[in-house]
Amino acid sequence: MKAQILHGIGDIRYEETDKPRIEKGWVLVKVKAAGVCGSDIPRIYKTGAHVHPIVTGHEFSGEVIETADDNSSWRGKRVGIFPLIPCGECISCKKKMYEMCSNYNYLGSRCNGGFAECAAVPEWNLIELTDNVSYKQAAMMEPMAVAVHAMRRFHIEKDSSVCVIGLGTIGLLLTMFLKAEGIQNVYVEGNKDMQKHFAQKLGVDEEHYNVDNVVADYVFECVGKNETINRAIELAAPAGNIVLVGNPYSEMNIPKDTYWKILRKQLKLSGTWNSSYVGESGDDWHYVLNMLADGRINPEQFITHVYPLDAIQKGMEIMRDKSEDYVKVMCIS
């Protein structure tokens with residue numbers, strides 16, 4: 001089969017490789033769509049992965065074409081894929097909080113992932129799609145579940161004021177879910193014309209875009225920079241809630257005067273990581289699937305660039321060089 005294989009930092013090649021062998025409890029998925037995550041770019045061009053060579057890509061969907069067990073019911077099923085493979089033995093796993101597993105494997109960063117014609121995936125990580133959910137939508141379930149996981153850190157009342165700082169992929173998806181839940185008083189902060197365009201498509205008007213004097217019950221920081229974290233503390237209402245979503249760009253420093261505001265406003269700060277998946281209803285992935293199946297959300301609107309597998313490096317380079325505005329870059333078969 002053909003795949004995009006990362007041999008080392010900056011050395012990614014589209015080439016022939018062996019089709020994955022599947023062991024007991026695993027299946028072979030024909031990849032139909034795969035999204036490029038922001039975390040893929042430093043992994044490919046700056047830091048490298050945990051092992052080399054490796055097929056990167058952890059946001060993907062497809063069809064099960066082969067199973068290790070002849071009696072498996074997964075053959076022929078259309079599936080989305082939870083990319084984290086938990087150890088099952090640590091404290092977090094025993095509590096079914098698999099996203100915080102301390103000894104996990106991960107499709108696309110620790111073992112081969114989705115930028116290939118086929119990928120080996122554990123059966124446990126599969127989520128069956130309903131007929132009305134497209135492969136493109138399913139390939140966006142991972143970032144959508146990350147956004148939902150952040151949103152569900154608190155129970156947000158519909159009349160609450162909410163601010164989303166940062167309108168990259170996660171920030172826009174989070175805004176989409178907040179609006180879908182009927183929360184009208186959603187403020188957002190972005191810095192690109194394309195971000196404003198998509199925010200407006202989600203129903204965010206001028207009075208709720210880049211407003212200086214927001215006082216929000218809930219603030220979601222989706223950037224990961226000093227200035228935006230300090231901004232979140234400034235915007236949070238007394239006894240308000242801040243959810244830290246963005247991965248840090250550099251060392252974090254909170255000025256003394258800003259730290260005092262955390263104390264005096266009695267703010268509640270929450271971290272969020274990955275998404276909850278337990279393989280049954282109630283987790284973040286099934287929440288997303290139900291929203292897709294009911295037609296309440298439209299994540300495909302954020303797909304700005306589409307390439308075949310042999311050309312997906314063009315999209316990766318756009319993300320690396322920021323040579324064009326983009327939200328979600330996707331590879332389709």
Side-chain angles (χ1 to χ4, degrees), residues 1 3 17-35 37 50-51 54-90 92-146 148-149 274-293 331 333:
M1 70 171 190
T17 187
D18 292 335
K19 186 176 74 172
R21 294 181 179 180
I22 53 172
E23 56 190 62
K24 183 177 175 59
W26 288 57
V27 302
L28 188 66
V29 173
K30 181 174 177 57
V31 178
K32 297 291 188 177
C37 177
H50 291 273
V51 295
I54 189 173
V55 177
T56 55
H58 60 270
E59 302 177 3
F60 63 103
S61 63
E63 178 189 351
V64 177
I65 58 172
E66 187 178 324
T67 62
D69 181 356
D70 291 337
N71 297 319
S72 173
S73 62
W74 282 106
R75 187 185 297 270
K77 295 290 180 64
R78 301 170 64 253
V79 294
I81 294 150
F82 178 62
L84 188 150
I85 305 171
C87 72
E89 301 296 329
C90 68
S92 295
C93 285
K94 291 185 184 301
K95 294 179 179 179
K96 293 188 176 182
M97 302 170 76
Y98 300 113
E99 71 274 14
M100 292 187 285
C101 173
S102 58
N103 189 31
Y104 61 88
N105 201 350
Y106 207 88
L107 298 169
S109 65
R110 296 169 186 254
C111 63
N112 287 335
F115 292 135
E117 292 179 335
C118 297
V121 179
E123 286 189 359
W124 183 83
N125 293 69
L126 303 174
I127 182 167
E128 185 175 357
L129 305 177
T130 56
D131 291 341
N132 62 338
V133 174
S134 72
Y135 285 120
K136 286 182 181 179
Q137 290 175 329
M140 294 183 70
M141 287 182 72
E142 197 276 338
M144 283 193 285
V146 169
V148 164
H149 194 60
N274 211 293
S275 58
S276 70
Y277 177 83
V278 295
E280 57 192 47
S281 61
D283 62 27
D284 296 329
W285 282 68
H286 284 82
Y287 174 98
V288 170
L289 181 61
N290 291 337
M291 295 283 275
L292 286 170
C331 168
S333 301

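Taking SG of C101 as the start and NZ of K95 as the end, the distance is 13.5 Å to the nearest 0.5 Å. Rounding to the nearest 0.5 Å places CZ of F82 at 9.0 Å from CG of D284. Atoms CG and CE, from L84 and M100 in turn, are 11.5 Å apart once rounded to the nearest 0.5 Å. In this structure, OH in Y277 is found 13.0 Å from CD in E142, a value given to the nearest 0.5 Å. Atom CH2 of W285 and atom CE of M144 lie 8.5 Å apart (nearest 0.5 Å). A distance of 8.5 Å separates OG1 of T130 from CD of Q137, quoted to the nearest 0.5 Å.
Looking at S61, its side chain never comes within 3.5 Å of a backbone N or O of A138 through a donor-acceptor pair. N125 contributes no side-chain N or O that, together with a main-chain N or O of P83, makes up a donor-acceptor pair within less than 3.5 Å. Side chain of S333 to backbone of V31: a donor-acceptor contact under 3.5 angstrom is found. Judged purely by atom type and a 3.5 angstrom limit, H286 uses its side chain to pair as donor or acceptor with the backbone of E280. Using a distance-only test at 3.5 Å, with no hydrogens or angles considered, a donor-acceptor pair links the side chain of R78 to the main chain of V133. Not a single donor-acceptor pair under 3.5 Å links the side chain of S275 to the backbone N or O of H149.
Contact record, A68 with G25: CB-N, 4.4 Å, taken as the closest heavy-atom pair. Across all non-hydrogen atoms, the minimal contact from C118 to I65 is SG-CD1, 4.0 Å. When all heavy atoms of F115 and G35 are compared, the pair lying nearest together is CZ-O, 3.5 Å. The two residues E89 and K94 make their nearest non-hydrogen contact at O-CE, 3.1 Å. Across all their heavy atoms, P122 and I85 have their closest contact at CG-CD1, 3.9 Å. Closest of all the heavy-atom pairs between A120 and I22 is CB-CG2, 4.1 Å.
The local environment of CG in N132 is crowded, with over 12 non-hydrogen atoms from other residues, nucleotides or ligands closer than 6.0 Å.
With no hydrogens or angles considered, no side-chain donor-acceptor pair links D283 and S276 at under 3.5 Å.
Looking at heavy atoms from C-beta onward, W124 lies in side-chain contact with P86 at the 4.5 angstrom threshold. For the pair N103/C90, no side-chain contact is recorded, criterion being any heavy-atom separation below 4.5 Å from C-beta on. Here the side chains of Y98 and Y104 are not in contact, with every heavy-atom distance at 4.5 Å or above. Residues W74 and L126 form a side-chain contact, since some pair of their non-hydrogen atoms from C-beta on lies under 4.5 Å apart. For the pair L129 and M141, the minimum side-chain heavy-atom distance is below 4.5 Å. At a threshold of 4.5 Å between non-hydrogen side-chain atoms, the residues H58 and C37 count as touching.
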- Task: Go through the steps to decide whether R110 and V51 satisfy the test side-chain contact (heavy atoms from CB on, under 4.5 Å), and finish with yes or no.
- Result: CA-CA 6 Å; R110 296 169 186 254; V51 295; 5.8 Å; no
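For the side-chain contact (heavy atoms from CB on, under 4.5 Å) test with L107, the passing option among V55, N112, I81, T56 is I81; the others fail.
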